[in-house]
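Scope of the values below: all heavy atoms of this structure, side chains included, with no hydrogens, waters or symmetry mates. Lettering follows sequence order; numbering is per chain, from 1.
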Amino acid sequence: MALRPFKTRFAPSPTGLLHLGNIRTALFNYLLARQADGTFLLRLEDTDAMRGHEKFARALEEDLRWLGLSWNEGPEAGGGHAPYAQSERGHIYKEYFAALESKGLAYPCFCSEHELAVARKTALAAGRPPRYSGKCRALARAEAEARFARGEPATLRFRVDDGRTVEFDDKVRERQTFATSDIGDFVIRRSDGTPAFFFCNAIDDAVMGVTLVVRGEDHLTNTPRQILLLQALGLPVPEYAHIALVVGADGAPLSKRTGSRSVQELREAGYLPVAINNYLARVGHTYDSNALMSLQALAENFGLSRLGRAPARYDETQLIHWQHEALLHLSSAEIWNWMEAKVDALVPSDKRPAFMDAVRANVTFPADALHWAQIVFTDALTVSHPARESINAAGEEFFDIARRALEKHGADFKAVSDMLRHQLSVSGKALFQPLRAALTGELDGPEMAKLLPLIGVERARNRFLSLSEDLKPK
RNA sequence: GCUCCCAUCGUCUAGUGGCCUAGGACGCUGGCCUCUCACGCCGGUAACAGGGGUUCGAAUCCCCUUGGGAGCGCCA
């Protein structure tokens, strides 16, 4: 085979939102292409018009771009193999159907769906693999044409002869051997004339010059069929790498039940792309370094040989770890940008740097930032149960003195707490906890010395005042 | 049911016959720092699924069992 430029691809079907498993496959393909300075191709597998929706295609492209997984061939990016949506490539598949038929490698099958379903069921019940019987294999050409003429629907089946083996070297799983007798004749064109997924997928990979297909392990047993198809057509066969699937915390396939979320949901929750990429690149794959890496570094150090072969579990606590790491690397401007408009509206522009400085170590998601912004810059205060207990334990006098300290020293937290310490002879927890509780409604959070000036004397004073009122014996 | 794949701390993993009294990361946890939480630093907890072989020697090789995953469609 002539040396062809390195090309990987991601070929999702736009029938729903992208989830972590999909994205991981996309990431690996992207990383490999980038590492080899090759091409990362995006193709939309929308063969089934009923389920493939334009809006999902757009969402998927947006997700990919957001993660930084830009494709250099495909929709919008262009390239020499357009169109990149299978729904628009019918004429290409048609040619290959014809080629196969003329070589006698494919034949029409008039078996009804119902008939096949029954056969499958009985085979299963009898402990046999549910393969196609080959009933229409030997149909005379004349008979087939007569039935066509009568308007009988037929699928087109690819002929797979028994007694051969198909072998290939999987880049992750190494040598794979399959017996053709385990495969059986399979449908490549549905009775409504649309091409089957298997078929388009293989043809497009070959025709588009894909040299390495990295996909989920669920496609492993599809591979020999596709190889047979490509060989029959004299098309180049790409190399394959089948990666283990990601499963949920319970070891079962990933689902919403097990906490898996769509990329869109993760984005909305405020996860950073670099966090997601670093996490995903380490699920079932390992790097020497535990540091946060850019896509470039992730690509440079990626290796199919460093991939595990067992299904890996999705673990959100590790995703959150990478989110923390990612946050640490952001500049103030970037953090500010990351926090949402809601936060923006609450924080006076001259207080932004101080607010960011005070709060950033305590923030994992924009929602956390919003929470602190509300505490600091709005009058309303929700007091948590433990904070309330701490306040009650401190008592009325505590907050009277706190108020006076504030009036005397202003928003100087150290001076305020010192005054309380001396006048009430309290220190440590008994001193600081009620102060924090009264001022923020929480028992933990950013440094008070930083928060108090932001809250301001007026608002702080009101909080102390209203507590003194509440706690006054009736 | 049949075929294929897989199996190291709770999780992601390092480990390819002696360097393993099994290493790292996340989590959890003790300490320091400290008003708290977080950050940071220093510790700790915790695994070779089970059973047979092979070998001077096995996490590493073989077999069986168990467990998990995938496929067997006119789904993608």
Partner nucleotide, any strand, of [N] [Watson-Crick/G-U, under 3.5 Å]:
N	result
B:G67	B:C6
B:C37	none
B:C56	B:G18
B:C72	B:G1
B:G30	B:C42

(request) Taking atom CD of A:Glu143 as the centre, report whether more than 12 heavy atoms of other residues, nucleotides or ligands fall under 6.0 Å from it. (result) yes
(message) Can you confirm whether more than 12 heavy atoms, excluding those of A:Lys171, are under 6.0 Å from its NZ atom?
(response) no
Touch class at under 4.0 angstrom, heavy-atom based, for [X] against every strand present:
X	result
A:Ala312	sugar-phosphate
A:Thr155	base
A:Cys111	base
A:Ala361	base
A:Glu447	base
A:Pro153	nothing
A:Ala117	nothing
A:Arg436	base
A:Thr286	sugar-phosphate

Whole-Å [atom1] distance, [N] and [M]:
N	M	atom1	answer
B:A76	B:A59	C1'	39 Å
B:A47	B:G15	C1'	13 Å
B:C4	B:U60	P	23 Å
B:G18	B:G10	C1'	31 Å
B:A14	B:C6	P	14 Å
B:G40	B:A49	C1'	39 Å
B:G71	B:U29	C1'	44 Å
B:G50	B:C9	P	10 Å

(message) Between A:Asp46 and A:Arg89, does any NZ, NE, NH1 or NH2 come within less than 4.0 Å of an OD or OE carboxylate oxygen?
(response) no
(request) Please determine if A:Asp400 and A:Arg404 form a salt bridge, counting it only when a charged side-chain N lies under 4.0 Å from a carboxylate O. (result) no
Just compare [options] and give me whichever is closest to any side-chain atom of [X].
X	options	value
A:Gln318	B:A76, B:C35, B:U11	B:U11
A:Arg190	B:U13, B:U36, B:A76	B:A76
A:Arg309	B:U36, B:C74, B:C6	B:C6
A:Arg173	B:C5, B:A76, B:C12	B:C5
A:His321	B:C26, B:G24, B:C4	B:C26

(request) Not counting sequence neighbours, list each pair that qualifies as a side-chain hydrogen bond (donor to acceptor under 3.5 Å, both in side chains) and has a residue in residues 271-281 of chain A. (result) A:Tyr271-A:Glu316, A:Asn278-A:Arg282
(request) Return yes if a side-chain donor-acceptor contact under 3.5 Å exists between A:Thr194 and A:Arg190, otherwise no. (result) yes
(request) Return yes if a side-chain donor-acceptor contact under 3.5 Å exists between A:Gln226 and A:His219, otherwise no. (result) no
(message) Once you measure the plane-to-plane angle for A:Tyr240 and A:His242, does it fall in the parallel (<30°), tilted (30-60°) or perpendicular (>60°) bin?
(response) parallel
Nearest whole angstrom, please: distance from the [atom2] of [N] to the [atom1] of [X].
X	N	atom1	atom2	answer
A:Asn290	B:G23	CG	P	15 Å
A:Tyr279	B:G27	OH	P	13 Å
A:Phe365	B:A38	CZ	P	16 Å
A:His285	B:A25	NE2	C1'	15 Å
A:Glu316	B:C12	CD	P	15 Å
A:Asp315	B:C12	CG	P	8 Å
A:Arg24	B:C12	CZ	P	11 Å
A:Ile391	B:U36	CD1	P	18 Å

(message) If you assign each of A:Gln433 and A:Ser112 to its closest nucleotide in RNA chain B, which residue comes earlier from the 5' end?
(response) A:Gln433
(request) Please figure out whether A:Pro446 or A:Trp322 has its closest RNA chain B nucleotide nearer the 5' end. (result) A:Trp322
(request) Evaluate the side-chain proximity of A:Tyr93 to A:Asp204: yes if any heavy-atom separation is below 4.5 Å, no if none is. (result) yes
(request) Could you tell me whether the side chain of A:Pro224 reaches within less than 4.5 Å of the side chain of A:Ile183, counting heavy atoms only? (result) yes
(message) Using a 6.0 Å distance limit plus a 45 degree cone around the ring axis, check whether A:Arg225 lies over the aromatic ring of A:Phe158.
(response) no
(request) Locate the shortest heavy-atom distance separating A:Asp444 from A:Trp372; write the atom from each residue and the value. (result) O-CH2, 3.4 Å
Name the pairs: protein N/O against N/O of nucleotides 43-48 of chain B, kept only if under 3.5 Å.
none

(request) Indicate, with yes or no, if the rings of A:Phe28 and A:Phe302 have centres closer together than 6.0 Å. (result) yes
(message) Each nucleotide in nucleotides 61-73 of chain B should get exactly one letter: B, S or -. Can you fill that in based on protein heavy atoms under 4.0 Å?
(response) -------SBSSBS
